[in-house]
Chemist: 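Pasting in a structure now, in structure tokens, and then I'll have a few things to ask.
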Amino acid sequence: MATRSFTIRVPATSANIGPGFDVVGLSLSLYLTLTVHHPLSPPSPYLAPTLTYTGEGAHEVPLSAYKNLTTRVALYVLRCHNTLRFPSHLSIHVDNEIPFGRGLGSSGAAVIAGVLLGNELGQLKLPTARLLDFALMVERHPDNVTAALVGGFVGSYLKELDEEASEAASVPLSEVLPEYPPDAGEEWGLDPPVPPRGIGHYVRFGWEESIRAIAIIPRFELSTAKAREVLPTHYSRKDLVFNLQRLAVLTTALGQSPPDPDLIYEAMKDRVHQPYRKSLIPGLPEVTSTITPATHPGLLGICLSGAGPTILALATGGFEAIAEDAGKIFARFGIEIDWKVLQIAGGSSVVVQ
């Protein structure tokens, strides 16, 4: 039986990188990988997809294609293009290296994987900008999904849309990606909201190739929703200017050779989100203020990764000393860590066998 097979690989991401709250993202060399097979002429009767899963979160992830985030996103993309169901006898194996709830873009990677899966199953050949539109209908912040899709060090924004497009892009997530009930059949949820065009835009910044990212990963989860709840609704002009000044410098400084530790360390400071999240992450202020280029040669800058609790340290050397000393600080608060030295990754890929 002739079979179509392909592999999708999506990198982890870190968002914010200090002052760039909801603005910049960085793709990292941990991956969510889907291996997909389906017969070109499947036998009757129709057989629903089978989903298997290994790696991070393997005991937490639903294995129903109508409940799993990645496959629900894929079905959303397909149904927006008049394909009502998955191919019969579809087999998907997921291997995941990205920890859940740690500020490393696990949900963004799942969403991008779903958009690419729908695009490939439907052979839609959507351009990158349109893939991003679909991702932003599900994941409403552009920093993680954009970096996961295109790779590298990326700045992004949501376009101001006209009234009709704004209304389309503001559909509640429960309508875009509803939970499929147990008795859902092919006729359920057939009229999904199609995303307007040009929701998100991005630019890729330069990156000095000697810089590595040390992910210092506390052994507890923190949901993005909870981490957002502690943020204020209003900021002082002084704090906003503080972040804007540093972001303007950081986006160029990380592409310069050789990188300047003093410049980058100061440019990775933040007053918009990290001070408010310290109550959720014991040891955060101590780690980010104690570990400096002066105390740890090779360090360039240090910040919270996304919503946390992972700490992201950018460095050209001294990786083990940076991570181990951060671990000692966390240990004073009763928190164990894992750590990894990661490279800056390319974007997502689809390889057809």
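Everything quoted here is computed from the prediction, not taken from an experiment.
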Chemist: Does the side chain to side chain donor-acceptor pair (under 3.5 Å) test come out yes or no for Asp95 and Thr33, once each step is laid out?
Modeler: CA-CA 5 Å; Asp95 183 66; Thr33 303; 5.4 Å; no
Chemist: For Leu132 and Leu149: C-alpha separation, side-chain torsions, deciding distance, then whether side chain to side chain contact (heavy atoms under 4.5 Å, CB included) applies.
Modeler: CA-CA 8 Å; Leu132 186 58; Leu149 180 61; 4.1 Å; yes
Chemist: Starting from Tyr31, can I reach Leu131 by hopping between I/L/V/M/F/W/Y residues whose side chains sit under 4.5 Å apart?
Modeler: no
Chemist: Is there a chain of hydrophobic side chains (I, L, V, M, F, W, Y, each step under 4.5 Å between heavy atoms) that links Val23 to Ile199?
Modeler: yes
Chemist: Are any of the side-chain nitrogens in Asp22 or Arg140 under 4.0 Å away from the carboxylate oxygens of its partner?
Modeler: no
Chemist: State the CH2-CZ distance between Trp339 and Phe319, to the nearest 0.5 angstrom.
Modeler: 9.0 Å
Chemist: Using a 3.5 Å distance criterion without hydrogens, assess whether the side chain of Gln343 forms a donor-acceptor pair with backbone atoms of Ala345.
Modeler: no
Chemist: For side chain to side chain donor-acceptor pair (under 3.5 Å), just list the numbers for Thr52 and His93, CA-CA rounded to whole Å, side-chain angles, deciding distance to a tenth of an Å, and then say yes or no.
Modeler: CA-CA 5 Å; Thr52 57; His93 177 70; 2.7 Å; yes
Chemist: For Val287, is there any backbone N or O sitting under 3.5 Å from a side-chain donor or acceptor partner on Thr290?
Modeler: no
Chemist: For residues Ile311 and Leu222: do they belong to one hydrophobic cluster (side chain heavy atoms under 4.5 Å, members Ile, Leu, Val, Met, Phe, Trp, Tyr)?
Modeler: yes
Chemist: Taking the side chain from Thr13 and the backbone from Ser27, do they hold a donor-acceptor pair closer than 3.5 Å?
Modeler: no
Chemist: Could you check whether any side-chain N or O of Thr146 sits under 3.5 Å from a backbone N or O of Asp143, counting only pairs where one atom can act as donor and the other as acceptor?
Modeler: no
Chemist: Is the charged tip of Arg246 near the ring of Phe242: under 6.0 Å from the six-membered ring centre and within 45° of its axis?
Modeler: yes
Chemist: Do Leu26 and Phe21 sit in one hydrophobic cluster, given that two such residues count as connected whenever their side-chain heavy atoms are within less than 4.5 Å of each other, even indirectly?
Modeler: no
Chemist: For Asn16 and Asp270, what are the C-alpha separation, side-chain angles and deciding distance, and is it a side chain to side chain donor-acceptor pair (under 3.5 Å)?
Modeler: CA-CA 9 Å; Asn16 306 331; Asp270 162 79; over 6 Å; no
Chemist: Should we count CD of Glu60 as having more than 12 external heavy atoms under 6.0 Å?
Modeler: yes
Chemist: Ser305 vs Ser14, test: side chain to side chain donor-acceptor pair (under 3.5 Å). Steps then yes/no.
Modeler: CA-CA 5 Å; Ser305 179; Ser14 178; 2.7 Å; yes
Chemist: Could you check whether Asp133 pairs with Arg197 (Lys NZ or Arg NE/NH1/NH2 to Asp/Glu carboxylate O, under 4.0 Å)?
Modeler: no
Chemist: Just by modelled atom types, is the Ala331 backbone N or O under 3.5 Å from a matching donor or acceptor in the Glu336 side chain?
Modeler: no
Chemist: Going by an N to O cut-off under 4.0 Å, is there a salt bridge joining Arg102 and Glu56?
Modeler: no
Chemist: Would you mind telling me which of Leu314, Ile264, Ile322 makes a side-chain contact (heavy atoms from CB on, under 4.5 Å) with Leu299?
Modeler: Ile322
Chemist: If only atom types and distance count, is the side chain of Tyr76 paired as donor or acceptor with the main-chain N or O of Pro193 below 3.5 Å?
Modeler: yes
Chemist: Could I get the full list of salt bridge (charged side-chain N to carboxylate O under 4.0 Å, His left out) partners for Arg204, not counting sequence neighbours?
Modeler: none
Chemist: Does the plane of the ring in Trp207 sit parallel, tilted or perpendicular to the ring in Phe153? Use 30° and 60° as the thresholds.
Modeler: perpendicular
Chemist: Go through it in stages, so that I can follow the logic: the residues are Phe333 and Glu286, the test is side chain to side chain contact (heavy atoms under 4.5 Å, CB included), and I'd like the CA-CA distance, side-chain angles, deciding distance and then a yes or no.
Modeler: CA-CA 11 Å; Phe333 295 87; Glu286 290 79 3; 3.7 Å; yes
Chemist: Using 0.5 Å steps for rounding, measure from the CG atom of Leu124 to the OG1 atom of Thr83.
Modeler: 6.5 Å
Chemist: How many angstroms lie between atom CD1 of Ile217 and atom NZ of Lys340, to the nearest 0.5 angstrom?
Modeler: 5.5 Å
Chemist: Under a 3.5 Å distance rule, please check whether Asn68 uses its side chain to pair with a backbone N or O of Thr70 as donor and acceptor.
Modeler: yes
Chemist: Does the pair Thr288 and Ile302 meet the rule for a side chain to side chain contact (heavy atoms under 4.5 Å, CB included), with working shown?
Modeler: CA-CA 6 Å; Thr288 55; Ile302 191 164; 4.3 Å; yes
Chemist: So, Thr251 side chain and Leu247 main chain: donor-acceptor pair closer than 3.5 Å or not?
Modeler: yes
Chemist: For the residue pair His273 and Tyr235, is the inter-centroid distance of their aromatic rings smaller than 6.0 Å?
Modeler: no
Chemist: Using a 3.5 Å distance criterion without hydrogens, assess whether the side chain of Asn96 forms a donor-acceptor pair with backbone atoms of Gly57.
Modeler: no
Chemist: Quick check against the 3.5 Å criterion: does Asn119 have a side-chain atom that pairs as donor or acceptor with the backbone of Leu126?
Modeler: yes
Chemist: Decide whether Ile344 and Val341 are clustered together by the hydrophobic rule: side chain heavy atoms of Ile, Leu, Val, Met, Phe, Trp, Tyr closer than 4.5 Å, transitively.
Modeler: no
Chemist: Is it the case that more than 12 heavy atoms not belonging to Glu320 sit under 6.0 Å from its CD atom?
Modeler: no
Chemist: To check you understand the geometry: which heavy-atom pair defines the closest contact between Val194 and Arg130, and what is its length?
Modeler: CG1-NH2, 3.6 Å
